[in-house]
2 protein chains.
Amino acid sequence: MAARPAKKSIRNEIAILREHLAQHELRVTSQREIILETFLKMEHVTAEQIYHELTKRTPHIGLATIYRTLNLLCECGLAQQRHFGTQTHFDNVSHKGHHDHMICTQCGTIIEFENCDIEKLQEEVARRHKFHITTHKLELYGQCSTCHGKA
Amino acid sequence: MAARPAKKSIRNEIAILREHLAQHELRVTSQREIILETFLKMEHVTAEQIYHELTKRTPHIGLATIYRTLNLLCECGLAQQRHFGTQTHFDNVSHKGHHDHMICTQCGTIIEFENCDIEKLQEEVARRHKFHITTHKLELYGQCSTCHGKA
DNA sequence: TCTGATATTGATAATGAATCTCTTTATTAT
DNA sequence: ATAATAAAGAGATTCATTATCAATATCAGA
């Protein structure tokens, strides 16, 4: 099956993926682009959720391929892994820079945020310990406004 | 087997565990105290590591018990879970308050730190989103001073 | 456009961490 | 001491993720 024409809205991401593939002597496949397309539509997903979303379509895409492709998207910088409970979630970070999360432990809602001041303080702490940061993960757990009222 | 006399240095932690057990109508057992003792000696551990450490001694302590007890220690506030790679690590937080980590992605060294200013900023961001923080996780990944020289 | 080399897929087996089950043993209140 | 029952141990089980491998698709070069 040949690679499909990219929709306008996700052309950038498709381009990023293709460039990564070219640079690593990997091949452009319809599965990879279908998974990327689905991933971008969903923002925060597990491999299972994408698999479930794609069971409807033919030809069938296997779970192993979903996992392989999601890991690939992480390598391109399009996705970012996050552990929540027993599952690994993949977050879309293509259209924005690095960002962090507030996670409601009751309903699972995820609020994204970005804070330069916090990052500056991180750098400062690191400097004090002669540590060189390449990346970081900040997750705030608690209750979103909706759930806080109920409990 | 009867509960063993607590060594001076870990009396506090043993006391915390016993109080938690009493409050929840759970029982004091030698396994729980042996696991706690081993845990405190090792600072950052996986269940497997404790299991391996304890294979030497008799009577044998099962892996399931290690898992059960480590979860118990988290409930007492003596330990804190952290996901790293595929395994769950348990960190000793008994002698200090909540703290965060810098993790060297090359050698695995963990540097602990605490920063109130960062936490204040977190609260501020949360307030802006009407989010109520109960806990958080901050991990900085990169290279420690030793590894940074080499690479 | 065809072809060969080989990357990728899909189905499923395998792995591995963590939990559950169930029988035996240990603890604790009376 | 004894009864009630929590906990331990051993191993089965679960579930997410990865590895295997035969069949298929991609792509560079003829």
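Convention: sequence-line order gives letters A, B, ...; per-chain numbering from 1. We use all heavy atoms of the structure for the numbers below, so side chains are in, but hydrogens, waters and symmetry mates are not.
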Peer 1: Using only side-chain N and O atoms of B:Q31, determine if any of them is under 4.0 Å from OP1 or OP2 of D:dG9.
Peer 2: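 B:Q31 to D:dG9 OP1/OP2: side-chain N or O found under 4.0 Å.
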
Peer 1: Answer yes or no: does a side-chain N or O of A:Y67 lie under 4.0 Å from OP1 or OP2 of D:dT18?
Peer 2: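 No, outside the criterion.
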
Peer 1: To the nearest 0.5 angstrom, please state how far the NZ atom of A:K41 sits from the OG1 atom of A:T38.
Peer 2: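 Reported value, rounded in 0.5 Å steps: 5.0 Å.
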
Peer 1: By side-chain contact (heavy atoms from CB on, under 4.5 Å), which residues pair with B:E75, not counting sequence neighbours?
Peer 2: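 Checked B:E75 against side-chain contact (heavy atoms from CB on, under 4.5 Å); matches are B:H20, B:L72.
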
Peer 1: At under 4.0 Å, does any side-chain N or O of A:R32 touch on OP1 or OP2 of C:dT9?
Peer 2: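 True: A:R32 side-chain N/O within range (under 4.0 Å) of C:dT9 OP1/OP2.
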
Peer 1: Run the salt-bridge test on A:R128 and A:E124 with the 4.0 Å N-O cut-off and return the result as yes or no.
Peer 2: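 A:E124 and A:R128: salt-bridged.
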
Peer 1: Looking at D:dT17, I'd like to know if its phosphate oxygens (OP1 or OP2) sit under 4.0 Å from a side-chain N or O belonging to A:N71.
Peer 2: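 False: A:N71 side-chain N/O out of range (4.0 Å or more) of D:dT17 OP1/OP2.
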
Peer 1: Assign B:L63 to base, sugar-phosphate, or nothing according to its heavy-atom contacts below 4.0 angstrom with the strands shown.
Peer 2: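 Result for B:L63 = nothing.
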
Peer 1: Within the 4.0 Å heavy-atom criterion, would you say A:T46 contacts the bases, only the backbone, or no part of the nucleic acid?
Peer 2: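 Result for A:T46 = nothing.
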
Peer 1: At less than 4.0 Å, is any side-chain N or O atom of A:T88 found next to OP1 or OP2 of D:dT17? Yes or no.
Peer 2: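 Checking D:dT17 against A:T88, a side-chain N or O does come within under 4.0 Å of OP1 or OP2.
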
Peer 1: For residues B:R32 and B:L17, report the shortest heavy-atom separation together with the two atoms involved.
Peer 2: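 Nearest heavy atoms, B:R32 then B:L17: O-CD2, 4.1 Å.
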
Peer 1: Side-chain N or O of A:H60 less than 4.0 angstrom from OP1 or OP2 on C:dA11?
Peer 2: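 Affirmative; the distance criterion is met.
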
Peer 1: Any side-chain N or O of A:S30 less than 4.0 Å from the OP1 or OP2 oxygen of D:dA25?
Peer 2: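 Indeed not, no polar side-chain atom of A:S30 lies that close.
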
